[in-house]
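Residue numbers begin at 1 in each chain, while the letters A, B, ... track the order of the sequences. Note that the structure is a prediction, hence the values are computed from the model and not measured.
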Amino acid sequence: MCEWLCKASLFGLFFLYASYGYGEDLADVQIDISQPVIYCDISSDRGLKKLELALKEGSLITYTWEIIIEEKRDYWLNKSIGSVQFSRQVVPDLLSRQWLLKDSNSGITSTTLSTHKAISFLARLKHFPIIDKSLLQPGTSYSIRVKLYVEEGEVSEHWWNAVTKFGKTVAVGSFTLP
Amino acid sequence: MSLWVRILPLLLSIALWVVIAWLWPSHTSPDLQVVAWVNISLLSALSVLLFLYGMKLFLQRKEPRPGSRLRAKLVIGMVGMLLIPAGALQIAANQMVEKGMNVWFDVRVDTLLDRALSLAQGFYSRIDQDMRHNLEQYMNDDALLSDIANLPGSYRSLNTRMMDVLKREGWQSIQLYDRNERLIAAVQAEGLSDFKPEAFTEQALVTLTMGRISSELFNIQNEEMLIAYAPIRIHQHIVALLKVKTVLPTGLIQHARAVESDYRTYKELERHRQSIRDIFTHAMLFITLVIVLVVGFIAVAFARRLTSPIGQLAHALKKITDGNLDVSIPNASDDELGDLVHSFNRMALHMKQNVEALEKAQVDLSDALTSSRQRQYVLETLLANLQSGVLLLNEHGEIRLMNQSLRELLILQPNEWVSGRNFADLSRGKLHLVHDFYDELSHQQNETLQRELEITIQGEKRHILARGARLNGSGLSGFSGYLLLLDDVSQLAEAQRHRAWSEVAQRLAHEIKNPLTPIKLAAERLQRRFRSQVDNHDVFDSCTHAIIGQVERLQRLVADFSTLARLPKPHCKSVQCATFVQELRDLYSAYSRVRVADMPTDLSCHCDADQVRQILINLMENALAATEDEQQHIRLYLSHDNEMVRFHIEDDGAGIPEAVREHMFEAYYSTKSTGSGLGLSIAKRIADEHAGDLSLVSSSSPTHFCLALPMHPPQEKIIKKVQEEI
């Protein structure tokens, strides 16, 4: 029995490590550390055609971004410093051919008649503040891991939604404070 | 276990890894990730289990536990029986879903929904265009512009004009704002009691900035409202913003929104067509995997429960095969396997009892066999050392057993009279007397028979005492047949005859010897007293001398008789052989034809010197009698080996005829007219009593006698022989 448990544990650890280290560059991230607040520009151009098609066909699209700041550690798991999570949602109106843009971070709601504007609203973050520089240690290397949760349709409010929601690490960036 | 069975789990594991790679969730199908990852996890767990089990089987060198192979086959069979219909069901279901989707997402449905949506959009577009068109007219209405330009003096007129427009167009409200978002004028269909001015929306600001009519839709209190903005220009300058609200007709709006919702749902489904198929596939796979796992665990439990007694049976059988009969299987169930276990326990118990009985019988048999072998050994030893010849025949007259003494007695070759041969066929010819004896024994009524037979074997007559007994098959052996015992009683008969003759000779000699002396004395007295008185002295002398000579001859004859009858026991001691030789040389030195060879002085023999000297003189006298011519020589010489000393006496006489040779050592046989015929007989007897031998080596050219005497007394002889053997 103990032998089986050991084998299962090793197998699980292998998959955990493999999944943890697994990341694909699906988005571009630029980090600005010149100001008192760390900013980043993130743009995810992957799957934009499908996104445009979904929007044109009236699907409600929600992009939930999660930006995780971690302190790098050699030969061990990175130490989590903090994370920022917010959503952007586009609600299409096929009758009026306009899109309602909702930003959960700022609470601003707007409409647009441009598909590209709606797509940019979802897939591009410009000069987004991440963390105050005073919370970080100079000379230490940090990584920014960007996870993206894409949902189509109404966002489910069920309790299991948080459990079954699988995000994907779309970009990883790093910086070292001077 | 065959190689295929051993590597089957590894092959299945590899196949599962291929399936996992094929089912690995794509990035474009996030909705089915949960089910997909659950399936991947289940498949991975199954594959790892199979891989580990396969490696264990593949690397296994020792024999698996009893019952494990049957259990594995049962589990494989049960899961296989489930997998085949489950796989077929999944394939059929996938095909049905594929065909169903082709029906659901038919191009005609697509076109229909597109047209419906176009109609709804046209409805909205028409309302919007109408409102825009009307607004464009009003924003260029000079009267309205004049009222706006003359505010606040023209407020009443403006208000009246806006009310007229509201009623004419059927709008909900008309509001007029200056550039600073201050409300200038407002009219509302339900009155201004609950009117609240609203801040400019982004669209309103765009209208003010761009100077063109714009509109937007709002959903307020389950009512859809179209709000349009129109810039008011006076002298090419935008001085105000006209905001018009109209409530869209509820019934139409509901239909239009229903069309939009259906269109959106349909398009979403169509877009996720592949995902739906994948969800269905994964759901079915998940159900199948769960069922397989559940059935697998149930199968393992069932197979374990089913094969546990079989494994115990196999283990117990292996123990029995290894010789351990002290086995018992706990009986747990009441089914056929329980009966089998019960029967096995009874069989093992019976087998144990039988084996114990067999072992006891084996011990008894072994003891009996040992005893039998001992008896057989004793019997064989007895037979081998028995001087009597023993012959055992079965009821059919076939030889079953015979000893070596019989072969020596009858001088049989090793290939003669072997076991199994018929005695009647073998005992023809010279041994017909033995057959006659057996024939008489087998046909007589008595159980035993004894006869004395005289059989000539290789020219030598032998007196055989034959005794026979019939075996009637009684007792433990149950053997029926005949037992013949043959004893050579020739020497015994000879001894008996000799003893009888000796007694007769002694008595006769005694009776004859007594009157001979008076006769001889009387004859000598007659010769002395009456010789002078007789006329014819020659006749008288001849008669008296004849009487005296015959009496003397009779006295010698009687003395020989007496000697033969009362031959004393030899008093043996070690005597130098050279002594005998020297005495003979001295005794016969007068005869030039006697040649005595020189002898080694240290050679001795164990004998009675007087009796040996008598033999040698007898032989020398015989040789001298045979060689009257001086040209015929007599030679005396010795030879010896480790045990015997041999005196050789040769003469060049006429030799001994063949007829005489056979009887020359018999008593009273003589070819000389004056001989008693006892000399050689006595010599032979003396040699025999010295454990030596007197023999005729050659009967002529030369006539050669050899007297062999032992060098050592019998005990020393035995000790010396043992020492040599050691």
Side-chain angles (χ1 to χ4, degrees), chain A residues 3-4 6-8 10-12 14-15 18-19 22 24 26 44 46-47 49-64 91-101 108-113 117 148-154 156 160-161 163-170, chain B residues 25 27-38 40-41 44-45 47-49 51-52 56 113-114 116-125 127-128 201-203 206 214-219 224 226 248 252-253 255-257 259-272 275:
Chain A
E3 185 186 0
W4 279 96
C6 289
K7 288 174 181 174
L10 286 173
F11 192 70
F14 171 74
F15 266 84
S19 61
Y22 176 73
E24 193 177 347
L26 302 174
S44 174
R46 189 180 174 88
K49 286 187 176 178
K50 290 185 178 178
L51 177 62
E52 185 181 358
L53 178 64
L55 289 175
K56 282 182 177 177
E57 291 180 344
S59 289
L60 188 152
I61 304 293
T62 304
Y63 269 43
T64 302
V91 184
D93 189 341
L94 291 176
L95 298 181
S96 61
R97 295 189 181 88
Q98 63 182 7
W99 286 271
L100 181 65
L101 312 179
I108 296 173
T109 302
S110 60
T111 58
T112 180
L113 296 172
K117 191 176 179 183
L148 177 61
Y149 304 85
V150 179
E151 290 178 88
E152 188 175 350
E154 291 292 337
S156 173
W160 61 80
N161 194 39
V163 181
T164 59
K165 191 165 67 177
F166 286 87
K168 185 168 186 59
T169 300
V170 292
Chain B
H27 304 303
T28 56
S29 56
D31 293 337
L32 54 86
Q33 282 188 344
V34 176
V35 183
W37 283 114
V38 168
I40 294 295
S41 302
S44 301
S47 180
V48 169
L49 286 173
F51 179 77
L52 292 174
K56 183 182 173 186
L113 282 174
D114 282 344
L117 184 64
S118 296
L119 278 174
Q121 286 176 337
F123 168 69
Y124 269 80
S125 180
I127 293 174
D128 187 57
T201 63
E202 189 179 354
Q203 200 69 31
V206 167
S214 66
S215 62
E216 58 184 351
L217 271 174
F218 283 96
N219 192 342
E224 286 210 20
L226 180 62
L248 301 179
L252 288 174
I253 285 301
H255 290 304
R257 286 298 173 192
V259 169
E260 185 203 17
S261 175
D262 291 343
Y263 180 83
R264 181 188 294 119
T265 305
Y266 177 79
K267 285 295 180 183
E268 199 171 312
L269 290 173
E270 189 179 34
R271 201 166 51 254
H272 294 147
S275 300

Testing the basics here: between B/Glu268 and A/Ser59, what is the closest heavy-atom pair and its distance to 0.1 Å? OE1-OG, 3.7 Å

How about B/Phe123: does its CZ atom have over 12 heavy atoms from other parts shown lying under 6.0 Å from it? yes

Find the distance between NZ (B/Lys267) and NZ (A/Lys56) and round it off to the nearest 0.5 Å. 12.5 Å

Provide the closest heavy-atom pair for A/Leu94 versus B/Glu260 in the form atom of the first, atom of the second, distance. N-OE2, 2.8 Å

Proximity breakdown for A/Glu57 and chain B, heavy-atom pairs closer than 4.5 Å: both

Turns out that what part of B/Glu202 lies under 4.5 Å from chain A's heavy atoms comes down to side chain

Contact leader toward chain A among B/Ala256, B/Ser261, B/Ser125, B/Gly122, where contacts are heavy-atom pairs under 4.5 Å: B/Ala256

Carboxylate-amine/guanidinium contact A/Asp93 B/Arg257, below 4.0 Å: yes

I need the A/Leu95 CG to B/Asp128 CG distance, nearest 0.5 Å. 12.0 Å

Closest non-hydrogen atom pair, B/Glu216 against A/Thr111: OE1-OG1, 4.3 Å

